[in-house]
Amino acid sequence: MKLLTNYRYWILNLIGWVVFALLMLTIDKISYAGDIPINYTNYLIVEGVLCGLLGYVLSFIILFFIENFFDIGNYTKVDLYKLIGVVLVTQVIYNFLLWPLLGIPVQYYLNEGVNLTLVQKLTNVPHFLAYFLVWLFVVLTLKLVHHINTIKLRQLQLEANLKESQLNTLKGQINPHFMFNSLNNIRGLMLEDVTKARGMLTSLSETLRYSLTKSEVNSITLEDELEMVENYVEISKIQFENRLKFTTEIDPETLNKQIPPMIIQMLVENALKHGISNLKEGGEVKLSTTIKNELLQIEIINSGKLRNSENSTQVGLQNIKKRLELLYGKNAKFTLKEKEDNVVATIKMPLV
């Protein structure tokens, strides 16, 4: 919510400043002055309006700092001290400009100058500071309410996206086509190696169990995800036979880090489906994880070219991008690029 570019805020802010100044300054003086000349009454009204207008104009200095350098949802003590400093500097400017400005209506209505000593002027500083503190309280409250509503909306979007992700997992990632091929390959393998076929059935059942249970949670350890990926690759090797080489380079420090479920499996499936399957001689898929610059980095490199298939909806890749955005905002990044006859998919996310 940007108030600087909100013209309705400009109008309401102007009315608020002027009305507040009139109530706090003008009405108070008139009520205690009793029977006073009309010229003095007019002066008091103009005085209140000018005090409000000056506060309104200078409030934009503080607002500019808040909207550009003060994060209401993630501020530090240093940020708070800076905000206090900006308010105090604004107060100095306000009091420096106020008295010359008030000298104009004093001369016009009362035919005299502002005859106040420095001490008398300083005694008015707390009074006018209260104006800014009230305004600051209102603005920060608006910002805080908007921040809370944004978090609630993001949580609702995340829940909806996770439910959609579960459906995509059942319909797309562990899809019927994959099931049919796996079972058909295992059936053929049973005629050659019953023990190996039994192991493949175990891997397939573990893969399905994982997709049904882990997709219901927001995060899992990277170690659990790797176990599922190994099962998935073992099943895929039946189809690719000697055409698939799968290697890993895992930093032990990353094993206990939390990641969204199925996210590595989706990348591996994408590498197999759009990379290795298009190469007659096959190729290699390399999975690596590491920690760089306080970020968890997951990288999958597969042989092949980066190309867009007409039959591809890129459900998996869009799923990854959307979940990373909702879970981590701008702190996570997903890239897919071609480098030296390889396709490199990289995920960078905060450590959890």
Side-chain angles (χ1 to χ4, degrees), residues 155 158-159 161-166 168-170 172-174 178 202-237 244-276 284-302 314-337 339 342-352:
Q155 288 175 339
L158 178 58
E159 291 174 3
N161 184 260
L162 288 176
K163 290 180 181 178
E164 182 181 354
S165 174
Q166 293 172 17
N168 287 336
T169 298
L170 294 175
Q173 278 66 58
I174 307 297
F178 170 76
T202 300
S203 296
L204 180 59
S205 65
E206 288 295 320
T207 300
L208 293 175
R209 180 184 64 83
Y210 181 94
S211 67
L212 290 170
T213 58
K214 298 298 184 181
S215 60
E216 297 177 356
V217 298
N218 294 346
S219 63
I220 58 169
T221 63
L222 187 139
E223 187 174 13
D224 287 343
E225 176 83 350
L226 292 178
E227 182 180 348
M228 185 272 179
V229 170
E230 291 288 349
N231 288 329
Y232 182 84
V233 171
E234 286 302 315
I235 298 170
S236 300
K237 283 183 177 179
L244 172 60
K245 180 182 179 182
F246 181 74
T247 59
T248 61
E249 188 176 325
I250 308 299
D251 184 347
E253 295 294 326
T254 64
L255 292 176
N256 64 341
K257 303 305 178 185
Q258 296 288 318
I259 64 171
M262 307 294 293
I263 204 165
I264 297 181
Q265 184 273 332
M266 292 178 188
L267 289 178
V268 172
E269 181 188 8
N270 187 73
L272 298 180
K273 184 177 180 180
H274 301 291
I276 307 304
E284 179 182 2
V285 176
K286 180 180 179 181
L287 166 63
S288 64
T289 65
T290 186
I291 297 176
K292 290 184 178 180
N293 301 322
E294 299 299 319
L295 292 174
L296 172 62
Q297 179 172 308
I298 302 170
E299 185 175 78
I300 292 182
I301 304 175
N302 67 270
Q314 295 188 331
V315 171
L317 297 181
Q318 294 300 325
N319 188 303
I320 292 171
K321 291 180 181 178
K322 189 64 177 177
R323 281 202 288 164
L324 288 175
E325 178 184 351
L326 290 173
L327 284 168
Y328 308 108
K330 296 181 180 180
N331 295 322
K333 186 178 181 181
F334 171 63
T335 58
L336 186 66
K337 60 183 180 181
K339 183 179 180 181
N342 288 310
V343 176
V344 182
T346 307
I347 292 177
K348 296 180 180 179
M349 65 181 71
L351 297 174
V352 180

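Only a predicted model underlies this, so the values are computations on that prediction, with no experimental measurement involved.
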Can you tell me how far [atom2] of [Y] sits from [atom1] of [X], rounded to the nearest 0.5 angstrom?
X: I320; Y: I263; atom1: CD1; atom2: CD1; result: 5.5 Å
X: I347; Y: T289; atom1: CD1; atom2: OG1; result: 12.0 Å
X: Y328; Y: K348; atom1: OH; atom2: NZ; result: 15.5 Å
X: K337; Y: N342; atom1: NZ; atom2: CG; result: 12.0 Å
X: E230; Y: E206; atom1: CD; atom2: CD; result: 13.5 Å
X: I235; Y: S205; atom1: CD1; atom2: OG; result: 8.0 Å

For [X] against [Y], the heavy-atom pair lying closest together:
X: E253; Y: K257; value: O-CE, 3.4 Å
X: A345; Y: L267; value: CB-CD2, 4.0 Å
X: M262; Y: M228; value: CE-CE, 4.0 Å
X: L296; Y: L351; value: N-CD2, 3.6 Å
X: M349; Y: I259; value: SD-CG2, 3.9 Å
X: A271; Y: N302; value: CB-OD1, 3.5 Å

For the residue pair [X] and [Y], establish whether any side-chain heavy-atom pair is separated by less than 4.5 Å.
X: L226; Y: T248; result: no
X: T221; Y: Q258; result: yes
X: L222; Y: I298; result: yes

- Taking only residues two or more places apart in sequence, or in another chain, which ones meet E299 in a side-chain contact (heavy atoms from CB on, under 4.5 Å)?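 Expected list: S288, Q297, I301, V344, T346.
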- Query: Listed by chain and number, what are the side-chain contact (heavy atoms from CB on, under 4.5 Å) partners of K333, not counting sequence neighbours?
  - Reply: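 Checked K333 against side-chain contact (heavy atoms from CB on, under 4.5 Å); matches are T335.
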- salt bridge (Lys or Arg N to Asp or Glu O under 4.0 Å) involving E234 - partner list, sequence neighbours excluded: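 With sequence neighbours excluded, E234 shows a salt bridge (Lys or Arg N to Asp or Glu O under 4.0 Å) to K237, given in chain and number order.
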